[in-house]
Amino acid sequence: MKVLANDGISKSGILALEKGGFEVITTKVAQEQVANFVNENNVSVVLVRSATKVRKDIIDACPGLKIIGRGGVGMDNIDVDYAKSKGIHVINTPASSSESVAELVFAHLFSGVRFLHDSNRNMPLEGDTNFDGLKKAYANGIELRGKTLGIVGIGRIGQATAKMALGLGMKVIAADSFIPQVDVKVEFFDGQSITTTIVSQSLESLFKEADFITLHVPAQDGYIIGEAALAIMKEGVGIVNCARGGVIDEVALVKALDSGKVLFAGLDVFENEPTPEMAILMHHKISLTPHIGAATGEAQDRIGTELASQIISILG
């Protein structure tokens, strides 16, 4: 059987699938050509990340399709229910990228509290002529230790983020409609561990209490953070979104950054991907990455082997 990994797959994933008797195709097929390619090459499994969309049109056009797999967590680029109604298995890898995304959250947090995103823009331009001026401009750093991190969505990635925050000595609070409380176990290199219980609270109380806020939610119909939410947050709050574009009102965010209400933002995802607004891209208070939360070698290895394992168990 043939597997089309249209958005790529790790070498470990390819090897695992080949060992299981599958032929893996890594040719990048244009969105409008996916259905034709699947049918002409008798492809049984289509694997995607966030780039390729598997909608009703492709599902209807490909009667031989047996599995649609998403390397990662979010399934908003796949018509999941419709695929299942046609007898197609839909799989993903919710646990594989948790640590990678959580580490990116802290990359943005550290960048924000020490102005790294801005100093890395300005040091090459002015470092040799205005060193003392830049030193003064970036002198008011903030420590994360002792501050309160508000996690919106305390699922797998939210919990991985909580562990890192706890390791740094931060207070962690969370809001989640589906998880009333969770035990978070922080494990150390020498086998020791500590476990703490995080109880969900209201979104409103989290917005009021948190020094920093990070979002870990699926795609939403409306904004989680808009003008009203920003209004009740602490003065000088930091906001990070490595979850999904469209959960923050970017116009309201820019306004809050300009007013000083929000100290900085860290964004890995955007309302208008893959063409984010220029007002976001050029803002000196925003740390930016191009949707790379799961883009580490370790995470991609885990994703590839987990997808292979699921495919082999279903079709093997």
Side-chain angles (χ1 to χ4, degrees), residues 3-10 13-14 24-35 37-38 45-59 65 67-83 88-105 107-108 153 155-158 160-161 214-221 224 240-248 250 266-277 280-281 288-308 310-311:
V3 175
L4 171 63
N6 206 44
D7 296 337
I9 186 172
S10 68
I14 293 172
V24 183
I25 304 166
T26 56
T27 307
K28 174 66 179 174
V29 182
Q31 179 70 46
E32 62 274 11
Q33 294 298 321
V34 170
F37 189 93
V38 166
V45 181
V46 171
L47 301 180
V48 301
R49 290 187 200 165
S50 55
T52 305
K53 295 173 176 60
V54 187
R55 301 293 184 206
K56 184 176 180 291
D57 59 333
I58 291 178
I59 294 164
L65 203 54
I67 297 176
I68 301 166
R70 163 71 161 95
V73 185
M75 306 276 267
D76 37 300
N77 55 328
I78 300 169
D79 285 341
V80 177
D81 293 336
Y82 188 74
I88 299 171
H89 295 273
V90 183
I91 60 175
N92 68 338
T93 59
S96 295
S97 58
S98 300
E99 282 74 20
S100 293
V101 177
E103 287 193 10
L104 184 63
V105 169
H108 281 295
R156 289 181 180 88
I157 297 173
T161 305
T214 177
L215 299 170
H216 299 288
V217 293
Q220 307 283 312
D221 289 333
I224 288 178
V240 176
N241 183 15
C242 293
R244 279 287 174 266
V247 297
I248 297 177
E250 291 180 353
L267 301 179
D268 185 51
V269 290
F270 307 87
E271 281 194 71
N272 297 311
E273 283 186 39
T275 53
E277 296 296 333
I280 293 289
L281 296 179
L288 300 155
T289 47
H291 203 150
I292 56 166
T296 63
E298 294 89 343
Q300 291 308 313
D301 278 343
R302 289 191 295 267
I303 286 168
T305 52
E306 188 179 331
L307 284 172
Q310 291 184 64
I311 291 163

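Quantities reported herein were computed from a predicted structural model and do not represent experimental measurements. Below, all heavy atoms of this structure are taken into account, side chains as well, without hydrogens, waters or symmetry copies.
Glu306 and Ser96 form a side-chain donor-acceptor contact under 3.5 Å, judged by distance and modelled atom types alone. Between the side chains of Arg49 and Gln300, at least one donor N or O lies within less than 3.5 Å of an accepting N or O. Checking His108 against Thr289 by side-chain atom types alone, a donor-acceptor pair falls below 3.5 Å.
Across all their heavy atoms, Ala160 and Ser98 have their closest contact at CB-O, 3.8 Å. Across Pro94 and Arg156, no two heavy atoms sit closer than the pair CB-NH1, 3.4 Å. Among all heavy-atom pairs drawn from Phe270 and Glu250, the shortest one is CA-OE2, 3.4 Å. Closest heavy-atom contact between Ala308 and Gly13: CB-O, 3.9 Å. Between Asn92 and Val73 the shortest heavy-atom distance is ND2-O, 3.0 Å. Heavy-atom minimum distance, Asp268 versus Cys242: CB-SG, 3.8 Å.
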Set out, in order, the CA-CA distance, both residues' side-chain angles and the distance that settles side-chain contact (heavy atoms from CB on, under 4.5 Å) for His89 and Ile68, then state yes or no. CA-CA 6 Å; His89 295 273; Ile68 301 166; over 6 Å; no
- Task: List the steps, then state whether side-chain contact (heavy atoms from CB on, under 4.5 Å) holds for Thr93 with Gln310.
- Result: CA-CA 9 Å; Thr93 59; Gln310 291 184 64; 4.2 Å; yes
*Show the numbers, then the answer: is there a side-chain contact (heavy atoms from CB on, under 4.5 Å) between Ile280 and Leu288?*
CA-CA 9 Å; Ile280 293 289; Leu288 300 155; 4.0 Å; yes
**Asked** Can Thr275 and Glu273 be said to form a side-chain contact (heavy atoms from CB on, under 4.5 Å), step by step?
**Response** CA-CA 5 Å; Thr275 53; Glu273 283 186 39; over 6 Å; no
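Between the side chain of Arg70 and the backbone N or O of Gly74 there is at least one donor-acceptor pair closer than 3.5 Å. Without hydrogens or angle criteria, Asn241 side chain to Leu267 main chain gives no donor-acceptor distance under 3.5 Å. In this structure, the side chain of Gln220 engages the main chain of Pro218 through a donor-acceptor pair within 3.5 Å. Although no hydrogens or angles enter the test, the distance criterion places no donor-acceptor pair under 3.5 Å between the side chain of Asp301 and the main chain of Gly304. Counting only distance, with no hydrogens or angles, the side chain of Asn6 and the backbone of Val48 share no donor-acceptor pair below 3.5 Å.
The CD atom of Gln33 lies 12.5 Å from the NZ atom of Lys28; values are rounded to the nearest 0.5 Å. Between the CE atom of Met75 and the CD1 atom of Ile91 there is a distance of 8.5 Å, given to the nearest 0.5 Å. Taking OG1 of Thr52 as the reference point, atom CD1 of Ile58 lies at 8.0 Å (rounded to 0.5 Å). To the nearest 0.5 angstrom, Ile157 atom CD1 is 10.5 Å from Leu104 atom CG. In this structure, CD on Glu298 lies 10.5 Å from CD on Glu99, to the nearest 0.5 angstrom. The CD1 atom of Ile303 sits 5.0 Å away from the OG atom of Ser97 when rounded to the nearest 0.5 Å.
Of the charged side-chain nitrogens involved, at least one lies within less than 4.0 Å of a carboxylate oxygen, so that Arg55 and Asp79 count as a salt-bridged pair.
Between Val269 and Val247, the closest side-chain pair of non-hydrogen atoms is not below 4.5 Å. Side-chain contact between Ile78 and Lys53 is absent, with no heavy-atom pair separated by less than 4.5 Å. Thr26 has its side chain within reach of Ile14: a pair of non-hydrogen atoms, C-beta onward, lies under 4.5 Å apart. Side chains of Ile88 and Ile59 form a contact here, defined as non-hydrogen atoms less than 4.5 Å apart. Counting heavy atoms from C-beta outward, Ser100 and Arg302 have side chains that approach closer than 4.5 Å. Residues Ile9 and Leu47 are in side-chain contact: their nearest non-hydrogen atoms beyond the backbone lie under 4.5 Å apart.
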